[in-house]
Structure formats: structure tokens, C-alpha cells
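For the single chain, residues carry numbers from 1 onward in sequence order. Computed over heavy atoms, backbone and side chain alike; hydrogens, waters and symmetry mates excluded.
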Amino acid sequence: MTSIKRRNSSNEDFIFFVQNLDDDLAKRDGADHAFYDQFTSIKNLNHIVVLYENEEPISCGACKKFDTESVEIKCMFTLPEHSGAGHAAAIFSDLERWARELK
């Protein structure tokens, strides 16, 4: 059974995914992301969704209010062994719904 739950940046499953995302990005383009740290902090993210399959966290995403009309999608990540199954699309759809609620 698949479920999507709304969380905030203190959620342990989300923190696990962000660590995996950071590791993946370091492998792809090097470990020096100091410049981007100012834009990628998860400390104050309050609109996070985690997708669970049989209570196991599989994928995540977040949105952050950008201005009065827009939100920014952040921290999209799916465990590699679960990619290609449509989890990212489900996460994105849920974030879109949440963003509309924030207006």
C-alpha cells in the first residue's frame, strides 16, 4: 500500500533522503557545494511530503513559498531501486495540491 504523508524538515525520513540526495550530487558533480548551501538549507522547510510503500519511505519532495504567486519545488528524491515507478510524479502532484492550499 502506498501513502503520502505531509511532514516538516525535522522528519527523520526526510533527513535521510536529503543525505542521500547530497551524496548523489557529490558523486555527480563533486563535493564542493558551499556556494549552494545558502539556497539549499532544509532547516526551515515546512511543506514536505514523504511517499511510503508498505510503511517504508521511498521518495520525498518539498515546496517553499517563493513569492506571493509562486512556490519552489525542492529536495525531490526517490531511492534508486524504486525509480521509474511514478513516485516522483505522485510527490509532485501532492506538492502542487499543497501549494494551491497555501495561497
Side-chain angles (χ1 to χ4, degrees):
M1 182 173 135
T2 301
S3 63
I4 296 177
K5 298 180 182 175
R6 293 180 175 182
R7 305 290 192 217
N8 63 37
S9 60
S10 66
N11 177 262
E12 291 179 15
D13 295 329
F14 177 67
I15 293 169
F16 165 78
F17 283 126
V18 170
Q19 290 168 341
N20 277 269
L21 176 60
D22 288 346
D23 291 346
D24 182 63
L25 291 172
K27 288 177 193 169
R28 292 174 190 257
D29 62 7
D32 184 13
H33 291 129
F35 171 77
Y36 300 105
D37 288 345
Q38 63 185 319
F39 305 112
T40 60
S41 172
I42 65 167
K43 187 184 294 186
N44 295 316
L45 289 178
N46 295 310
H47 304 95
I48 292 160
V49 294
V50 177
L51 184 143
Y52 295 87
E53 192 170 89
N54 300 321
E55 301 302 317
E56 178 185 346
I58 301 297
S59 186
C60 75
C63 67
K64 179 179 180 181
K65 202 163 193 155
F66 185 74
D67 59 30
T68 58
E69 298 293 319
S70 308
V71 299
E72 177 183 11
I73 301 297
K74 304 186 71 71
C75 303
M76 292 285 297
F77 186 79
T78 299
L79 293 173
E81 61 269 24
H82 296 279
S83 65
H87 299 309
I91 291 286
F92 194 83
S93 291
D94 200 75
L95 288 171
E96 284 182 312
R97 277 190 294 281
W98 203 354
R100 282 191 293 275
E101 293 172 20
L102 296 175
K103 285 188 171 184

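Among residues two or more places apart in sequence or in another chain, the side-chain contact (heavy atoms from CB on, under 4.5 Å) test is passed with Ala99 by Val71. Contacts of Asp23 classified as side-chain contact (heavy atoms from CB on, under 4.5 Å), with partners at least two apart in sequence or in another chain: none. Thr2 is linked by a side chain to side chain donor-acceptor pair (under 3.5 Å) to nothing, counting only residues two or more places apart in sequence or in another chain. The side chain to side chain donor-acceptor pair (under 3.5 Å) check on Ser3 picks up nothing, with sequence neighbours excluded.
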Set out, in order, the CA-CA distance, both residues' side-chain angles and the distance that settles side-chain contact (heavy atoms from CB on, under 4.5 Å) for Met76 and Leu95, then state yes or no. CA-CA 10 Å; Met76 292 285 297; Leu95 288 171; 4.1 Å; yes
Show the numbers, then the answer: is there a side-chain contact (heavy atoms from CB on, under 4.5 Å) between Phe14 and Leu45? CA-CA 11 Å; Phe14 177 67; Leu45 289 178; 4.1 Å; yes
When you look at Ile91 and Phe77, which way does the side-chain contact (heavy atoms from CB on, under 4.5 Å) test go after all the steps? CA-CA 9 Å; Ile91 291 286; Phe77 186 79; over 6 Å; no
Applying side-chain contact (heavy atoms from CB on, under 4.5 Å) to Ile58 and Tyr52, what does each step give before you reach the verdict? CA-CA 6 Å; Ile58 301 297; Tyr52 295 87; over 6 Å; no
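For residues 54-63, every residue pair satisfying the side-chain hydrogen bond (donor to acceptor under 3.5 Å, both in side chains) rule, not counting sequence neighbours, is listed here: Ser59-Thr78. Counting only residues at least two apart or in different chains, side-chain hydrogen bond (donor to acceptor under 3.5 Å, both in side chains) contacts with residues 80-95 comprise Asp94-Arg97.
The hydrophobic cluster containing Ile73 also contains Ile4, counting ILVMFWY residues as joined when their side-chain heavy atoms lie under 4.5 angstrom apart, directly or transitively. By the criterion of side-chain heavy atoms lying less than 4.5 angstrom apart, applied directly or through intervening Ile, Leu, Val, Met, Phe, Trp or Tyr residues, Ile48 is grouped together with Val18 in one hydrophobic cluster. There is no path of hydrophobic side-chain contacts, each under 4.5 Å, that joins Leu102 to Phe66.
Summarising the geometry, atom SG belonging to Cys75 is positioned 10.0 Å from atom NZ belonging to Lys64; distances are rounded to the nearest 0.5 Å. One distance of note links SG of Cys60 with CZ of Arg7; it measures 12.0 Å at 0.5 Å rounding. Distance check, rounded to the nearest 0.5 Å: CG of Leu79 to CG of Leu51 gives 10.0 Å.
Taking 4.0 Å as the cut-off between side-chain N and carboxylate O, Arg6 and Glu101 count as a salt-bridged pair.
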